[in-house]
Amino acid sequence: MRPLLLCAWLLTLGPGLLEARAQSADTLRLTLIQTLQRALEVSPDLQAVEARQDFAEARYDQARASRFLTQFQLQTAHAVGPGLKIPEDNTFSTEALYLNPEVRNDWSNVRPFNQLEIQLIQPLWTWGELSGQIRAARYGTEVEAAGTRQKALEVTARTGELYFSLQLTEALLRLARETGEILDRAKEEVNRLLQEGDPTVDDADLFQLRITEQEYLQRVVEAEERHRIARSALARQLLLPDSLVIDPAEGPLVPLSFTLQPLETYLELAEANRPEIQQARAGLAAREALVDVARSDYYPKLFLGVSGRWTYTAGRYRQPNPYISDPYLGESLRAGLGFRLNLNFGQTRARVEQARAQRNEVAYQLEAARQLVRFEVEEAYRNVRIAQAALEARDRALTISKEWLRTEQINFDLDLGDTENLVRAVRENLELQARYYEAVYNYNRAVLRLQRAVGVLDLNVRRGTLVE
C-alpha cells in the first residue's frame, strides 16, 4: 500500500510537475474564430456550392438581358455564283437586262457570292412571360445563396467540433503525461526505500507499480493517437500541409461563455435565419413566377420585328424593277409589329397545371422545413440544457473531489487518515478531471449545434464572434 500512497501524494502536486513543451517552428496557433473563418475561406465543399450560386447569378443576368433584343442575330453565307451571259447584240442598258429574254446565267464563269442577313425581334408586351422568367431567375439565385449558407453552416459546425475535439484530446493527453511523470517518481521512491531496507516496502509493491505503469502506457498510446487523429482531421479541414502543426491558441478546454435564452427566442431566430426555410421561400416565389410564365401562353404576344438582307455577286447588275429580283444580288429591309399566339390551348393548360403542381410541392416542402427546423432547434436547445446540467454536476463533483483529496492528505500528514481512502480519493480525482473535460466538450459542442440549428453560426463567425 505504501507505493500507492506515495503515488497518490505525488498526484496531488498537480500539473506543476510538467514543464510546457517548446513550440516547434512549424506550429500554427489559431483561435477558434480564426479556425472557423479559415475553414469558410478554403473549404472545397463550400466552394463547389458557391460555383452553383455563380451559375444561378449568370442565369439571372441572361434572363434580364432577354428583355431587350430577345432575338438579334447575324447570319452570313459565302459560296460561288454564276456570272451573266449577255448577247453581243444586246441593246438594253445594264439596269434593264431583265427585258432581254436572251440573258442567261453563266455557270462557266463563276464569281464569289456573299450574303449577310440580320434578324431582330423586340418583345413589346408578353403578358408576364419575360417578367416572370426574370423573377424566377432572381429567386433562383436566392435558392442557391441559401444553399451556400446551408453548406457554410455545416462546414463551420464541423470545424468547430474538430477544434473542440483537439482541445479535449490535448487535455486528456496532458493528464495522462502528468500521471506518467508521477509514476516515474513513485518508482524511484520505491526503489530508494527498498535499497534502504524500509520494512513497509517489498518487491510486491514494485511489481504492483510496474503493472500500473503498463496500464498507464496503454492509455498514453490511446491518448496520443486520438490526439494525432484530431489534429490531422482539423488540418485536413483547413487544407494545411502535413508539415504544419495546429496548436489551439485558446489554451485549455474551457466552457463557452454563453447565456441560454428562452426557447421561443431561438425558434423566432431560426424562422428568420435558417437557410432551409429561406431556400423554400425563394423556391416557392420562383414557382409562382413560372406559373405566370406558363399562363402567358393563353394570350397573344406583341413584338417588333426587323430583318435585313444584303446579297452581292460580282459581275451582276441591279434591276430596279420592283417585280424583278435577283437572288445573287440585292438588298432588302423589313420592319413592323407582329402578334404571336400559341393556338394549342390544350398543351398550354397542361403546362399551367404542371407549374401549379410544382408550386404546391414547394409550398408543402416549406411547411415541412418549418416543422423540421422547429424540432431541430428544440432538440438542440434541450441538449444544451442537458449538457449544461452535466457540466455543472461534473464541476461540483470535481470541487468535492478536490476537497476530499485535501482532507485525506491532511489526515495522512497527521497520521489520522486511512491510506486506502487517500488512494481512492486520488483515483476519483483523476477520473473526474477527465470526465469534466468531456463534459466541457459536450457542452461546447451542444452550444455550437444550437447556433447551427438556429442558423446564425456562420453569420456570427463572419462577424468575428461565435455566440451573441
Side-chain angles (χ1 to χ4, degrees), residues 36-37 39-72 122-123 125-159 268-297 301 351-352 354-373 376 451-463:
L36 300 181
Q37 290 175 340
L40 291 176
E41 292 174 359
V42 304
S43 172
D45 295 336
L46 184 56
Q47 291 171 352
V49 180
E50 288 174 345
R52 292 202 297 266
Q53 183 179 346
D54 294 339
F55 176 82
E57 291 175 353
R59 186 171 51 191
Y60 176 45
D61 294 338
Q62 179 184 4
R64 286 189 298 174
S66 66
R67 292 178 297 179
F68 306 104
L69 302 180
T70 303
Q71 182 177 341
F72 187 30
Q122 172 59 52
W125 188 259
T126 62
W127 298 96
E129 180 182 15
L130 286 179
S131 61
Q133 290 175 345
I134 293 173
R135 291 201 316 274
R138 176 166 61 86
Y139 288 122
T141 62
E142 295 182 10
V143 169
E144 296 301 334
T148 301
R149 280 212 54 230
Q150 186 175 356
K151 180 59 68 174
L153 280 172
E154 177 184 334
V155 169
T156 309
R158 182 171 64 243
T159 306
E268 293 175 1
L269 286 173
E271 181 72 21
N273 293 284
R274 272 296 287 266
E276 291 89 340
I277 295 179
Q278 296 172 348
Q279 195 171 41
R281 285 173 179 164
L284 180 60
R287 291 299 180 184
E288 289 281 3
L290 292 178
V291 171
D292 295 338
V293 171
R295 192 186 296 116
S296 68
D297 284 344
K301 314 294 177 55
R351 285 193 294 269
V352 172
Q354 290 174 11
R356 286 174 176 167
Q358 291 176 330
R359 177 201 59 192
N360 294 338
E361 178 186 4
V362 178
Y364 297 138
Q365 289 175 349
L366 173 59
E367 182 58 30
R370 282 199 178 104
Q371 296 303 321
L372 179 60
V373 164
E376 290 179 350
Q451 298 298 304
R452 176 187 177 183
V454 172
V456 299
L457 179 58
D458 62 318
L459 301 178
N460 290 343
V461 169
R462 295 186 190 278
R463 289 194 292 261

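Counting heavy atoms from C-beta outward, R274 and V454 have side chains that stay 4.5 Å or more apart. Between Q150 and E276 the shortest side-chain heavy-atom distance falls below 4.5 Å. Within the 4.5 Å cutoff, the side chain of L284 has no heavy atoms near those of the Q365 side chain. For the pair R158/D45, a side-chain contact is recorded, criterion being any heavy-atom separation below 4.5 Å from C-beta on. A 4.5 Å side-chain heavy-atom check between T156 and R452 finds every atom pair outside the cut-off.
Residues passing the salt bridge (Lys or Arg N to Asp or Glu O under 4.0 Å) test with R64 are D61, sequence neighbours excluded. In this view, R281 and E271 satisfy the salt bridge (Lys or Arg N to Asp or Glu O under 4.0 Å) rule, not counting sequence neighbours. Taking the salt bridge (Lys or Arg N to Asp or Glu O under 4.0 Å) definition, one finds that R463 meets it with E468, sequence neighbours left out.
Side chain of T141 to main chain of R138: a donor-acceptor pair is present (N/O by atom type, distance under 3.5 Å, no hydrogens or angles). Remark: side-chain polar atoms of Q358 are not paired, donor with acceptor, to backbone N or O of E288 under 3.5 angstrom.
Note: K301 NZ to T70 OG1 = 11.0 Å, rounded to the nearest 0.5 Å. Here the straight-line distance linking atom CG of L46 with atom CD of Q53 works out to 9.5 Å at 0.5 Å rounding. The line from CD of E129 to CG of D292 is 11.5 Å long, rounded to the nearest 0.5 Å. A distance of 11.0 Å separates CG in L36 from CZ in R462, rounded to the nearest 0.5 Å. Between the CD atom of Q62 and the CD atom of Q133 there is a distance of 9.5 Å, given to the nearest 0.5 Å. Distance check: E144 CD to R52 CZ gives 6.0 Å after rounding to the nearest 0.5 Å.
Nearest heavy-atom pair across A282 and V143 is CB-CG2, 3.7 Å. Taking each heavy atom of A289 and A136 in turn, the nearest pair found is CB-N, 3.7 Å. The nearest pair of heavy atoms linking V373 to A270 is CG1-CB, 3.7 Å. Nearest heavy-atom pair, A39 versus V155, reported as atom, atom and distance to 0.1 Å: O-CG1, 3.9 Å. The two residues R287 and V362 make their nearest non-hydrogen contact at CG-CG2, 3.7 Å. Listed here is the closest heavy atom pair of W127 and S296: O-CB, 3.3 Å.
In summary, the side chains of E367 and Q371 do present a donor paired with an acceptor at a separation below 3.5 Å, with no hydrogens or angles considered.
Dense packing is recorded around CD of Q47, with more than 12 heavy atoms of other residues, nucleotides or ligands lying under 6.0 Å away.
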